[in-house]
Amino acid sequence: MDYQQKQSPAFSKSSDSKVSRKYIHDDVAFYVLSKLPIKSLKRFGCVRKSWSSLFDDSHFLTVFRNHFISRHNSDDDHHTFLLIYQRDHVDREYAEFHLLDSRIKLNLPPPFSDDDSFLSILGKTSVNGIFCIGQRGNTNKVRYVLWNPATEEFVNIPPSPDEVMSKHPLLGVFHKFHGFGYDQLRDDFKVIQYVSFDSSSCDGYDIDSPPPQGNVFSGEELYMNGACHWLVQGKIHDTIALMSFDLTHEVFFTTPIDERSELDYGHLAVLNGSIALIINHDNNNTFHISILGELGVKESWIKLFIYGPMPSIDWPLIGFGNKGYIFFRKIDDELVRVDLSTQIIEELGFKGEDYCCCKIGIYKESLLSIRGSNN
């Protein structure tokens, strides 16, 4: 009996301690949840009813946005790149490639020169530190080069089969870029083209012609985490969806979007490690930015930012850079960046006229060889 009496208080104290440890104070839970990825946060919504409606809480949304902006792409090996066409005093057009954060101008790889025309960064971003640069010539043939600016290594991508096989002289062959990315299983890069053969006309190419299976692509392609992604027009005219292509398994899948918009007013980007959809509603320069938490799950889209109206800004936006900056062209042609946290607009010191091709995105340095282990 004495033994039991001596142990009872200890048991009771231990039980109380265990009960207390099961309770998480609301302030602590609020702080922890605000730092979670959207996918995890959505799943935690089933734990408590109050957690399922956190994005309806304006204070929580503000804290979550601040953490979201600050936690990615702030390392020293992340840079914001700019590919821009300029025009000199004699109207000669030339291309320049800059790292905006360090104000460094880099030379383009030897297959291209500064005065080459129709250069483009494919896929909007570097992939494992590698850029895919494409150029369309006057004969509608496209050449692609993989380029690592950190090592100055470059590799010419072989021509597609239609460029080397014999064709009927009246058969027109036209190329349209659709994606660039990395196949982790094969340790290799892949370039996706849409190639059309047209016997009715060989004089030009309607770049708005639909790809296979009747899907209307916006041209808003991007690569992230082993897949290429595009905006596509839905069956209803003003609905859009995200179409993705897994580069390893070579399969397509879609993610519905709970927004109604024309493709011309939608833009895809990678924002701090997540797929972002930016819509210019009604073309009034009020921008809605939604983040995707999980591919294939319509409910995982979260609208994080609404900015505007911004009457001095031209649509479409140019892209996202390091530390969450969003880049636009002003109506006076000045290139600017907008801080998503403060909405402060800062000029870059570059002019980007309407005719001018501007590409801005994230570049992460890498010393790895383009050829990889497969050589």
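Quantities reported herein were computed from a predicted structural model and do not represent experimental measurements.
For the side-chain contact (heavy atoms from CB on, under 4.5 Å) test with Phe81, the passing option among Ile360, Leu100, Ile121 is Ile121; the others fail.
Between Ile133 and Leu122, every side-chain heavy-atom pair lies at or beyond the 4.5 Å cut-off. Between Tyr307 and Val338 the shortest side-chain heavy-atom distance does not fall below 4.5 Å. Looking at heavy atoms from C-beta onward, Phe189 lies out of side-chain contact with Ile157 at the 4.5 angstrom threshold. At a threshold of 4.5 Å between non-hydrogen side-chain atoms, the residues Leu268 and Ile275 count as touching. Residues Cys132 and Val145 form no side-chain contact, since every pair of their non-hydrogen atoms from C-beta on lies 4.5 Å or further apart. Side-chain atoms of Val232 and Ile240, non-hydrogen and from C-beta on, never get closer than 4.5 Å to each other. Between Thr125 and Tyr363 there is no side-chain heavy-atom pair separated by less than 4.5 Å. Contact check for Ile289 versus Leu304: no side-chain heavy atoms found under the 4.5 Å cut-off.
Here Ile279 contributes atom CD1 and Ser290 contributes atom OG; the two are 6.5 Å apart, rounded to the nearest 0.5 Å. Note that CG of Leu335 and CG of Asp314 are 10.5 Å apart. Values are rounded to the nearest 0.5 Å. The CD atom of Glu365 lies 7.5 Å from the CG atom of Leu99; values are rounded to the nearest 0.5 Å. Atom CG of Asp57 sits about 8.5 Å away from atom OG1 of Thr62, to the nearest 0.5 Å. Remark: Cys228 SG to Asp246 CG distance equals 10.0 Å, nearest 0.5 Å. Note that the CG atom of Leu108 and the CG atom of Leu106 stand 8.5 Å from one another [nearest 0.5 Å].
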Next on the checklist: The test is side-chain contact (heavy atoms from CB on, under 4.5 Å); show your working for Leu340 and Phe320 and say whether it passes.
Outcome noted: CA-CA 10 Å; Leu340 289 179; Phe320 280 102; 4.0 Å; yes
Item to check | CA sep, side-chain torsions, deciding dist, call: Ile362, Val270, side-chain contact (heavy atoms from CB on, under 4.5 Å) | outcome: CA-CA 8 Å; Ile362 297 293; Val270 175; over 6 Å; no
Item to check | From CA spacing to verdict: side-chain contact (heavy atoms from CB on, under 4.5 Å), Val251, Phe245 | outcome: CA-CA 6 Å; Val251 294; Phe245 180 72; 5.8 Å; no
Item to check | Phe68/Leu271 under side-chain contact (heavy atoms from CB on, under 4.5 Å): CA gap, chis, key distance, verdict | outcome: CA-CA 9 Å; Phe68 179 83; Leu271 174 57; 3.9 Å; yes
Checklist entry - Stepwise, does the ring-ring contact (aromatic ring centres under 6.0 Å, His included) test hold for Phe350 with His98? => result CA-CA 11 Å; Phe350 291 92; His98 296 264; 4.9 Å; yes
Item to check | Chi angles and distances behind the salt bridge (Lys or Arg N to Asp or Glu O under 4.0 Å) call for Glu96, Lys105 | outcome: CA-CA 7 Å; Glu96 292 184 346; Lys105 178 185 174 183; 3.7 Å; yes
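Residue Leu36 is grouped with residue Ile302 when hydrophobic side chains (ILVMFWY) are merged at heavy-atom distances under 4.5 angstrom, including chains of intermediate members. Note on Phe97 and Ile104: same hydrophobic cluster, where clusters join Ile, Leu, Val, Met, Phe, Trp and Tyr whose side-chain heavy atoms are under 4.5 Å apart, directly or indirectly. If you chain together hydrophobic residues whose side chains sit under 4.5 Å apart, Val191 and Phe252 fall into the same group. Clustering ILVMFWY residues whenever any of their side-chain heavy atoms sit less than 4.5 angstrom apart, transitively, puts Leu368 in a cluster other than the one holding Val127. Under the 4.5 Å side-chain contact rule for hydrophobic residues, Leu277 and Phe253 share a cluster.
Using a 3.5 Å distance cut-off with no hydrogens or angles, the side chains of Ser369 and Glu153 do pair a donor with an acceptor. Side-chain N/O atoms of Lys303 and His288 include a donor and acceptor closer than 3.5 Å. No hydrogens or angles considered: nothing links the side chains of His229 and Glu221 as a donor-acceptor pair under 3.5 Å. For the residue pair Tyr182 / Asp188, no side-chain donor-acceptor distance below 3.5 Å is found, with atom types taken as modelled.
Checked against the 6.0 Å centroid criterion, the rings of Phe112 and Trp147 do not qualify as a close aromatic pair. The six-membered or imidazole ring of Phe328 lies near that of Phe287, with a centre-to-centre distance under 6.0 Å. In this structure, the ring of Phe131 has its center no less than 6.0 angstrom from the ring center of Phe180.
Shown here for Leu292 and Ser300, the closest heavy-atom pair between the two residues is CD1-OG, 3.3 Å. Annotation for Pro311 and Pro309: closest pair CD-O, 3.4 Å, computed over non-hydrogen atoms. In terms of heavy-atom proximity, Leu295 sits nearest to Ser244 at CD2-OG, 3.9 Å. For the residue pair Tyr85 and Ala95, the shortest heavy atom distance occurs at CE2-CB, 3.7 Å. Among all heavy-atom pairs drawn from Ile291 and Ala276, the shortest one is CD1-CB, 3.8 Å. Closest approach of Gly308 to Thr286, counting heavy atoms only: C-OG1, 4.0 Å.
A donor-acceptor pair under 3.5 Å links the side-chain atoms of Asn148 to the main chain of Ser366, judged by distance alone. Looking at Lys364, its side chain never comes within 3.5 Å of a backbone N or O of Ile130 through a donor-acceptor pair. Panel note: side chain Trp301, backbone Pro256; a donor-acceptor pair is recorded below 3.5 Å. Formation of a donor-acceptor pair under 3.5 Å by the Ser34 side chain with backbone atoms of Phe64 is not found in this model. Looking only at distances, a side-chain donor or acceptor of Asn285 sits under 3.5 Å from a matching main-chain atom of Ile313. Judged by distance alone, with hydrogens and angles left aside, the side-chain atoms of Thr80 form no donor-acceptor pair with the main-chain N or O of Gly321 at under 3.5 Å.
Within 6.0 Å of atom CG in Leu185, more than 12 heavy atoms from other residues, nucleotides or ligands are found, so the atom counts as buried in its surroundings. No more than 12 heavy atoms of other residues, nucleotides or ligands shown are found within 6.0 angstrom of CG on Asp258. Within 6.0 Å of CD on Glu152 lie no more than 12 heavy atoms contributed by other residues, nucleotides or ligands.
Using a 4.0 Å cut-off between a side-chain N of Lys or Arg and a carboxylate O of Asp or Glu, Arg337 and Glu347 do not qualify as a salt bridge. Of the charged side-chain nitrogens involved, none lies within less than 4.0 Å of a carboxylate oxygen, so that Glu334 and Arg329 do not count as a salt-bridged pair. A salt bridge links Asp183 with Lys190: at least one charged nitrogen is closer than 4.0 Å to a carboxylate oxygen.
Ring pair Trp315/His267 is perpendicular by interplanar angle, where above 60° counts as perpendicular and below 30° as parallel.
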